[in-house]
Amino acid sequence: MKLRGKLLTLAIILGILMIPAFFILQTFGVLQKEKVLSDYALAIDVDGKPYDAWPLINSFAAMDKSGDHRQLYYRVDMSDINYLFQLAYQEYDITPDNENPYLAGKVDYHSLETTYVKSEMEYSNAKDYTTFLHFYNKEGQEIYTYESTGKGDGSLVQSIIHQGMTRSHNGGSEPARDPYLNITALFHDKLNVDVNLTVDEEKKIVWIRMNKAEARP
């Protein structure tokens with residue numbers, strides 16, 4: 001009985017210790033397969049050279065931590081997601097410069113002729129409404145719709161923790177978790193565009209490669 005009591009006490013203590021350990025691991029995104037790219041610069045690959053993809057924001061982008069073909073994700077509720085469509089459709093020019101020795105220059109996006117993401121509020125009564133995000137291709141055809149719940153939708157939107165960040169909630173704090181759209185899957189399936197990532201850990205650059213849509217069979 002004494003041994004059983006000691007084992008039970010030890011199990012209770014370990015269980016109590018595991019609660020903060022689990023929160024810490026979750027806060028730093030250890031338990032998820034994706035990571036937010038706040039520690040990297042985002043660059044588009046043009047003829048083998050990296051060009052700054054700003055105003056795409058690194059802390060709004062994420063990728064798989066490992067794998068031969070890492071997926072690219074981007075915050076679904078951010079308007080600058082339009083720029084990813086412009087990269088896919090080659091709607092940009094490049095400006096070489098030497099300001100950053102690790103980048104060949106920057107991307108100059110064309111003025112938007114097509115808005116690829118539109119927000120719509122659907123009212124259930126005079127006070128309450130639901131917001132939907134509609135995604136379109138260059139021909140104006142709707143390719144995807146996301147109900148803005150702030151969470152994953154079990155399809156293309158994944159809830160991803162921004163590692164190391166927390167938010168206040170109901171008097172406490174919790175890991176900063178946001179909805180990210182799987183750009184790789186959406187563009188492959190709906191735009192006939194391949195999105196590939198290369199990570200340069202030494203230079204802290206994530207290269208984004210998008211083939212021309214017409215180049216794929």
task = Tell me whether Met78 is reachable from Val206 by hopping between hydrophobic residues (I, L, V, M, F, W, Y) whose side-chain heavy atoms are closer than 4.5 Å.
result = yes

query = Is there a side-chain contact between Leu84 and Met210, using heavy atoms and a 4.5 Å cut-off?
reply = yes

key: Distance-only side-chain donor-acceptor flag, His162 / Asp178, under 3.5 Å   = no

request  = Measure centre to centre between the rings of Tyr116 and Tyr89, then say whether the value is under 6.0 Å.
outcome  = yes

request  = Answer yes when Lys138 and Glu91 have at least one side-chain N-carboxylate O distance shorter than 4.0 Å, and no when they do not.
outcome  = yes

key: Validation row: Thr145, Leu133 side chains within 4.5 angstrom (heavy atoms)   = no

query = Is any side-chain heavy atom of Gln86 less than 4.5 Å from a side-chain heavy atom of Tyr92?
reply = no

ask   = Between Phe85 and Phe135, how do the two ring planes meet: parallel, tilted or perpendicular, split at 30° and 60°?
value = parallel

key: Side chain to side chain, Trp207 and Leu197, heavy atoms closer than 4.5 Å   = no

query = Between the side chains of Asp64 and Tyr73, does any donor sit under 3.5 Å from an acceptor?
reply = yes

query = Quick one: does Leu87's side chain get under 4.5 Å of Val195's, heavy atoms only?
reply = no

ask   = Is any side-chain heavy atom of Ile160 closer than 4.5 Å to a side-chain heavy atom of Tyr180?
value = yes

ask   = Are Asp77 and Ser148 close enough, and set up right, to give a side-chain contact (heavy atoms from CB on, under 4.5 Å), and what steps lead you there?
value = CA-CA 8 Å; Asp77 50 349; Ser148 296; 5.7 Å; no

message = Quick check on side-chain contact (heavy atoms from CB on, under 4.5 Å): which of Glu34, Lys35, Arg177 does Ile161 satisfy it with?
response = Arg177

task = Would you check if the side chain of Asp153 reaches a backbone N or O of Leu156 as a donor-acceptor pair within less than 3.5 Å?
result = yes

ask   = Tell me, do Arg70 and Met63 make a side-chain contact under 4.5 Å, heavy atoms counted?
value = yes

ask   = Do side-chain atoms of Thr184 reach the backbone of Leu72 as a donor and acceptor pair under 3.5 angstrom?
value = yes

ask   = Can any side-chain N or O of Thr149 pair as donor or acceptor with the backbone N or O of Lys151 at less than 3.5 Å?
value = yes

message = Please tell me whether Tyr129 and Tyr123 form a close aromatic pair, meaning their ring centres lie under 6.0 Å apart.
response = yes

Ser155 side chain near Tyr144 side chain, heavy-atom distance below 4.5 Å = yes

Would you list the atom pairs, donor with acceptor, under 3.5 Å between side chains in residues 42-57 and any protein atom, with sequence neighbours excluded?
from: Asp45; atom 1: OD1; to: Gly48; atom 2: N; distance (Å): 2.8
from: Asp45; atom 1: OD2; to: Arg209; atom 2: NE; distance (Å): 2.4
from: Asp45; atom 1: OD2; to: Arg209; atom 2: NH2; distance (Å): 3.4
from: Asp52; atom 1: OD1; to: Trp54; atom 2: N; distance (Å): 3.1

inquiry  = Under a 3.5 Å cutoff, is there a donor and acceptor pairing between the side chains of Gln71 and Asn182?
reply    = yes

inquiry  = Check the orientation of Tyr136 and His134. Use parallel for under 30°, tilted for 30 to 60°, and perpendicular for over 60°.
reply    = tilted

